[in-house]
Amino acid sequence: MSTKKKGLLASVLFLAFGVFLFVESLGVKHMMKNDVGSGFFPKVIAIAIIAVAIIRFVAALREKESASGDDKDDAVGGWLTVALVGLYVVAFQPVGFIISTIVYLFLQILVLTPKEKRNWITISAISIVSPFALYTLFTHVISSPLPKGIFGF
């Protein structure tokens, strides 16, 4: 497949993903009565993904046909990233922020880190500490609680 066709395909897929993310973010319930609710940032990210996908689509249309020399591992990592983000979006509301983010970060770091450079202690620490720090920031500093999910946290 040529680079141009790959660019067009990726643009269309990310456009669809952005629309999916935006539609899912509409279902995030406001936990507090303020202008910026829990669904605000997912909507911003979705709009950014849609905008970049449209820009990339236009750029791909202007490209000349050329043979592809991309690495197969990069493609697998890219598709796994798309799948993980999709699963994260679906699990976010019912499972809750902390658990879904711990699982997502752990798996995403594994996808992005070469096998020979993986440090399981560091990966685990980042995956566990980051969601708790973000949860504390949102609930206690910004006063915008995140979904608690099935376990109540």
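In what follows, every heavy atom counts, from backbone to side chain, and hydrogens, waters and symmetry copies are set aside.
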Can Y88 and T101 be counted as having a side-chain donor-acceptor contact under 3.5 angstrom?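 Short answer, yes.
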Is there a side-chain contact between [X] and [Y] (heavy atoms, below 4.5 Å)?
X	Y	answer
W79	L13	yes
Y104	L84	yes
F132	F97	no
F17	V85	yes
I50	F14	no
L107	V111	no

What salt bridge (Lys or Arg N to Asp or Glu O under 4.0 Å) pairs are there with at least one residue in residues 45-58, not counting sequence neighbours?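 Non-adjacent pairs meeting salt bridge (Lys or Arg N to Asp or Glu O under 4.0 Å): R56-E63.
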Could you tell me which non-hydrogen atom of [X] sits nearest to which non-hydrogen atom of [Y], and how far apart they are?
X	Y	value
R118	T113	NE-O, 3.2 Å
G7	A60	C-CB, 3.9 Å
S25	P42	CB-CB, 3.6 Å

K43 side-chain N/O to L26 backbone N/O, donor-acceptor pair under 3.5 Å: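 Not at all, since once roles are kept as given, no pair shorter than 3.5 Å links the two residues.
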Rounded at 0.5 Å granularity, tell me how far [atom1] in [X] sits from [atom2] in [Y].
X	Y	atom1	atom2	result
I109	S130	CD1	OG	7.0 Å
N119	I126	CG	CD1	9.0 Å
L146	Q93	CG	CD	10.0 Å

Would [X] and [Y] show up in the same hydrophobic cluster when neighbours are defined by side-chain heavy atoms closer than 4.5 Å?
X	Y	result
L21	L80	yes
L8	V19	no
F20	I47	no
V90	I49	yes
I102	L137	yes

Among I99, V103, L105, find the residue that satisfies the side chain to side chain contact (heavy atoms under 4.5 Å, CB included) test when tested with P131.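 Result for side chain to side chain contact (heavy atoms under 4.5 Å, CB included) with P131: L105.
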According to side-chain hydrogen bond (donor to acceptor under 3.5 Å, both in side chains), who are the partners of T81, at least two apart in sequence or on a separate chain?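 For T81, the residues satisfying side-chain hydrogen bond (donor to acceptor under 3.5 Å, both in side chains) (neighbours in sequence not counted) are Q108.
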Check whether more than 12 heavy atoms from other residues, nucleotides or ligands sit under 6.0 Å from atom CG of L112, and answer yes or no.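 Yes, because the 6.0 Å sphere around CG of L112 holds more than 12 heavy atoms from other groups.
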